[in-house]
Participant: 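Have a look at the structure that comes next, please.
Lettering of chains follows the sequences in order, A, B, ..., and the numbering in each one begins at 1.
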There are 2 protein chains.
Amino acid sequence: MEETFPRSTPPRRATLKDVARAAGVSQSTTSRALSGEGYVAAAARDRIVAAADELGYVPHAMARSLRKQVSRSVGVLVSDLRNTFYADLAAGIAGRARSRGYTMMLVDDQGLLDQELHAAQAFVATRAAGVIVTPLSADVSTYLLRQRIPVVEVDRRFSAGACDAVVIDNASVARRMTDHLIALGHRRIALLIDETDWTTGSERFAGYTRSLADSGIPDDPSLVVSAGWDVGGARKAAVGILTRRDAPTAVFAANNLLAEGVWRAASDLGLRIPDDLSIVSFDDAQWMSMVSPGVTAIAQDAVALGEAAMDRLLDRIEDPDAAATTTVLEAQILPRGSTSAPRPA
Amino acid sequence: MEETFPRSTPPRRATLKDVARAAGVSQSTTSRALSGEGYVAAAARDRIVAAADELGYVPHAMARSLRKQVSRSVGVLVSDLRNTFYADLAAGIAGRARSRGYTMMLVDDQGLLDQELHAAQAFVATRAAGVIVTPLSADVSTYLLRQRIPVVEVDRRFSAGACDAVVIDNASVARRMTDHLIALGHRRIALLIDETDWTTGSERFAGYTRSLADSGIPDDPSLVVSAGWDVGGARKAAVGILTRRDAPTAVFAANNLLAEGVWRAASDLGLRIPDDLSIVSFDDAQWMSMVSPGVTAIAQDAVALGEAAMDRLLDRIEDPDAAATTTVLEAQILPRGSTSAPRPA
DNA sequence: CCTAGGTATGGCATCGTTGTCATACAGTGG
DNA sequence: CCACTGTATGACAACGATGCCATACCTAGG
């Protein structure tokens, strides 16, 4: 009998069976004692609990969820964790997940379609209780829904109607932002945008267009510039439009990367802000409050977005057959120094 | 017999048994066919594979890992996802995890000790293959190591020697940064710091002190200011030291939040940078390259830190009994406009 | 005294996989 | 013709937890 092991680090992790043996009762009783369901004599319970933490017993979550056929973990799929927006979103989800007793599996698909689908499969494999996703295509939701896994789309919608969604009112706030520029006296307002295929882009574009139309400003398609996905491209595109003979007096950047490009372009060209050029941004970023003048921006509360998505998901898990709903959160305009009346021509 | 269900959404997720039945073979054969281990006739394999994707079969990762007694998921515990440093770290880990076939459970402990321990327990419950943590105390590592779970500490070390760690050489780069200020002619250099209890703080402090000593500059403890954990506190502390009669000509902020406080304080006091005051920061933040002048900063590659930590963890999982090592990554000094020679007195 | 109901406990099947083992049928070399 | 080896398959027992069921005791009420 040389089975003496140091007491501090047991050779194997303790299981329910070990606790049962140590307490001198059956596994059934042990399970009941630790879960608090069913009859257990007080004395037995005490012995069992004592044995459990003597052995450092931690229930095996996977075994439990295999047996109970329910999972306490949710999958989260975002496009790019290095982008503050997604990181804040994840933070909001994480906070709610923890307080509701769920664990979070986080995957960053880097904006790649194949990784998005691959991640979805990983969520199915772990039998996630539900998934929150900032989708790149309708495929994820379709696939997960077919697998009977609740899905919530955040930030943008691809499967409108088929699954729940939590978004902000892009169109409305883009319109109000454009209204603000028009109220200051601007007539030539450029829109720098990445894409108009997703709901985010198309709605922002729609809000901008709507504002101009409502103010009776003639449509000028040349002022809407597709500026790519990175700062470099945005900078180039901004330089292009700002050096035109009929350059705009204000630029509306449809996200924070584009705003950075515009800011740098203005600096390249020696334009004074807001005297020579007004700049506004959809998405607030930290630098916008650090530079002078600060950049007037639309702030989405990404943390709140994440929290709302998690709440939605948990409701859905409780009631899988309820009708899909779309939750729309408010976004705020933060007026800063980058906007003023255009210079008289 | 009214068990007709729509073919598109099966009532229950398909299991190995379902695939086996559909292909007309046993579970054993099915398992062998899908895993590729052991003998399976070519014809049978084809039938099985066909049945599997007909049914949309996805193997149950938890059942598998229960049976095989190995897990393919790692736990990651960071202090605050909303802080870019941690988000980038997580992104680095996530990237490596995905490419190595692991899934990542992410928890944000919000800098709270009890949540840190709670998260550690959750990792044990899911039988994580390993854990990467930016620790708040030695307790996490101690607990997890006792539970035989490999741990890698990142950014700061609490359990030096007991577990692996991946950090940057805080002391050395802090010293070089201070040397840089001294080389420019500064003699009164303040250090704004949050804490000196963690390895990060104490090493940065040590590097600063060492640089001054090596240059023969007399020690002045009043120039080392404990500035709290948020921007507001840092701003106040900075205003305090900058309005002293013998105010420093340069300030070294030990992290990006403190740097923001200093920057705002300088703005409050109308100090011109770098003429009236030189500012340097440990930690680069996006705004530091957007403001003018830009802030000279120490850039840690948080993504690389995360990748290195994941690599370390996987090595450790493969060889649990190897000696614990500490990996030290380089950090870079990015010279920008916020530093110059002090104004002649 | 007998039964009913509350309390307390253990046995056992089960969740979905995997791997060991036993079995069976080739074909091959002695 | 008899081992023997290689191929192919299915039964079955795990992994760790739970929950149904049977069993057993005790007390109270008829």
Participant: Considering only side-chain heavy atoms of B/Leu16, which listed nucleotide, C/dT17, D/dA17, D/dC15, is closest?
Facilitator: C/dT17
Participant: Which residues within residues 117-128 of chain B lie with some heavy atom under 4.0 Å of an atom in DNA chain C?
Facilitator: none
Participant: The criterion is salt bridge (Lys or Arg N to Asp or Glu O under 4.0 Å); which residues satisfy it with A/Glu307, sequence neighbours excluded?
Facilitator: A/Arg96
Participant: Mind listing the closest non-hydrogen atom pair of A/Val40 and A/Ala33 along with its distance?
Facilitator: CG2-N, 3.6 Å
Participant: Could you give the CD-to-P distance, from A/Gln27 to D/dC21, as a whole number of Å?
Facilitator: 19 Å
Participant: Checking side chain to side chain contact (heavy atoms under 4.5 Å, CB included) for the pair A/Thr142/A/Phe158: CA distance, chi angles, key distance, verdict?
Facilitator: CA-CA 10 Å; A/Thr142 308; A/Phe158 271 93; over 6 Å; no
Participant: Select from A/Lys68 and B/Leu66 the residue whose nearest nucleotide in DNA chain D is closer to the 5' end of that strand.
Facilitator: B/Leu66
Participant: Can you list everything that forms a salt bridge (Lys or Arg N to Asp or Glu O under 4.0 Å) with B/Arg64? Sequence neighbours excluded, please.
Facilitator: none
Participant: Can you list every pair that meets side chain to side chain donor-acceptor pair (under 3.5 Å) and has a residue in residues 81-93 of chain B, with sequence neighbours left out?
Facilitator: B/Tyr86-B/Arg156
Participant: Find the distance A/Arg72:CZ to D/dA17:P and express it as a whole number of Å.
Facilitator: 18 Å
Participant: State the CZ-CD distance between B/Phe123 and B/Gln147, to the nearest 0.5 angstrom.
Facilitator: 13.5 Å
Participant: Take atom CZ of A/Arg64 and atom C1' of C/dT14, then tell me their distance rounded to the nearest Å.
Facilitator: 16 Å
Participant: How long is the gap from OG1 on A/Thr126 to CD on A/Gln121, to the nearest 0.5 Å?
Facilitator: 11.5 Å
Participant: So, using salt bridge (Lys or Arg N to Asp or Glu O under 4.0 Å) as the criterion, who are the partners of B/Arg47 when residues are at least two apart?
Facilitator: none
Participant: Go through residues 28-44 of chain B and report each residue with a non-hydrogen atom lying under 4.0 Å from DNA chain C, sorted by number.
Facilitator: B/Ser28, B/Ser31
Participant: May I have the distance from B/Arg45 (atom CZ) to D/dT7 (atom P), rounded to whole angstrom?
Facilitator: 13 Å
Participant: Rounded to the Å, how far apart are B/Ile48 CD1 and D/dT9 C1'?
Facilitator: 10 Å
Participant: In whole angstrom, what separates B/His60's NE2 from C/dC15's C1'?
Facilitator: 8 Å
Participant: Write down the distance between CE (B/Met62) and C1' (D/dG16), rounded to a whole number of angstrom.
Facilitator: 13 Å
Participant: If you check every side-chain atom of A/Val25, which of C/dG10, D/dA11, D/dA17 has the closest atom?
Facilitator: C/dG10
Participant: Checking contacts here: which listed nucleotide (D/dA11, D/dA17, D/dG16) is nearest the side-chain heavy atoms of B/Gln69?
Facilitator: D/dG16
